[in-house]
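So that the names make sense, note that chain A is the first sequence line, chain B the second, and so on, each numbered from 1.
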2 protein chains.
Amino acid sequence: MADLKRRNTRQKDAVRHALGEAIGFVSAQQLHLVLKNHGSTIGLATVYRALADLAEAGEADPLQSKDGELLYRACTTSHHHHLICRACGKTVEIEADRVEKWADEVASEHGFTQPSHTIDIFGTCSACQ
Amino acid sequence: MADLKRRNTRQKDAVRHALGEAIGFVSAQQLHLVLKNHGSTIGLATVYRALADLAEAGEADPLQSKDGELLYRACTTSHHHHLICRACGKTVEIEADRVEKWADEVASEHGFTQPSHTIDIFGTCSACQ
DNA sequence: AGGCTTATTGAGAACGATTGTCAATAACTG
DNA sequence: CAGTTATTGACAATCGTTCTCAATAAGCCT
């Protein structure tokens, strides 16, 4: 995990770029379709691999959709959470320092170490009422 | 959704019971296996359907596992969240009134209505260090 | 109780998302 | 520029879940 050699390929860059362009969360399949439509010959498996790499490198933000699909989003800053519209998928990044701390506290109270958490809020945004 | 006629079948009861016996979160497949091993001839599809029904009826607690599997847990009380051991799956129910409120506030601040949320904390429990 | 309607079942096929396989390609190294 | 090997892309394979459909059995009615 530390000494893996990574090469820079145009394919990975393409995925990175397409992910940056995308609004909100997108699935690997959607990205693959977009890239294809733009003339790329990139393979679906490659998109999956690139996204997994980006996620591990902290450049992408993974999220399990309700129906078991794995969605990604370009991740600019540090740790944050999301407020997501159920209808249109619009996403707002939210800071949650208070909740971060709360989560870590709860974990250590119960003797759990290396705490991580999943916090996402869903709702219907003003445009979709 | 309101006037659906539901029948009580031994199969559904069996799933309900098996779910109650289970410790922590279990997958539909695991439950199916357990039931089979206890001599039941229940079908896998039926387990899925029963679990979906229970979840909708508020009797079961659904959770997306890291690798896209859908896990369920018997849900006794009201709304609560979970602290889950990454290694052994041990689960602690946690109250999170503060966080509930926070989530609702954040949602309405951004004009989102009908807020719901996913809050789960993962860690390594004391026994699994 | 006996019959009727129709929700539910179970077995397997079908499905969709993801991962594996493997020969061909192309990034880096020296 | 040649050699090494990570990466690619096409496709098969896998895994969890849902669908299909004939058979079964719940609940209602008389």
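- If you check every strand for non-hydrogen atoms under 4.0 Å, B:L44 touches a base.
- As rounded to whole Å, 15 Å separates atom P of D:dT17 from atom NZ of A:K66.
- Between D:dT7, C:dT18, C:dG12, one nucleotide has an atom nearer to the side chain of A:K12 than all others, and that is D:dT7.
- With hydrogens and angles left out, the side chain of B:R6 and the base of D:dG27 share no donor-acceptor pair within 3.5 Å.
- Listed by chain and number, the residues in a side chain to side chain donor-acceptor pair (under 3.5 Å) with B:R86 are A:S116 (sequence neighbours excluded).
- Between B:V15 and B:I42, the closest side-chain pair of non-hydrogen atoms falls below 4.5 Å.
- Near-neighbour residues of DNA chain D inside residues 24-37 of chain B, defined by a heavy atom below 4.0 Å, number-ordered: B:Q29.
- Residue A:Y48 places its side chain closer to C:dT18 than to any other of D:dG9, C:dT18, D:dT7.
- B:D67 comes within contact range of no nucleotide atom at all, as no heavy-atom separation falls under 4.0 Å.
- Within 4.0 Å of B:T9, counting heavy atoms only, lie sugar-phosphate atoms of the nucleic acid but no base atom.
- In the set D:dC19, D:dT17, C:dT18, the nucleotide with an atom closest to the side chain of B:A45 is D:dC19.
- Side-chain atoms of B:R98 and A:R98, non-hydrogen and from C-beta on, never get closer than 4.5 Å to each other.
- Checked against C:dA17, C:dT6, D:dG16, the side chain of B:R7 finds its nearest nucleotide in C:dT6.
- Taking only side-chain atoms of B:R49, from C-beta outward, the nucleotide of C:dT19, D:dT8, D:dT20 with the closest atom is D:dT20.
- As a whole-Å value, the separation of B:L70 CG from C:dA17 P is 16 Å.
- Here the side chains of B:E95 and B:E100 are not in contact, with every heavy-atom distance at 4.5 Å or above.
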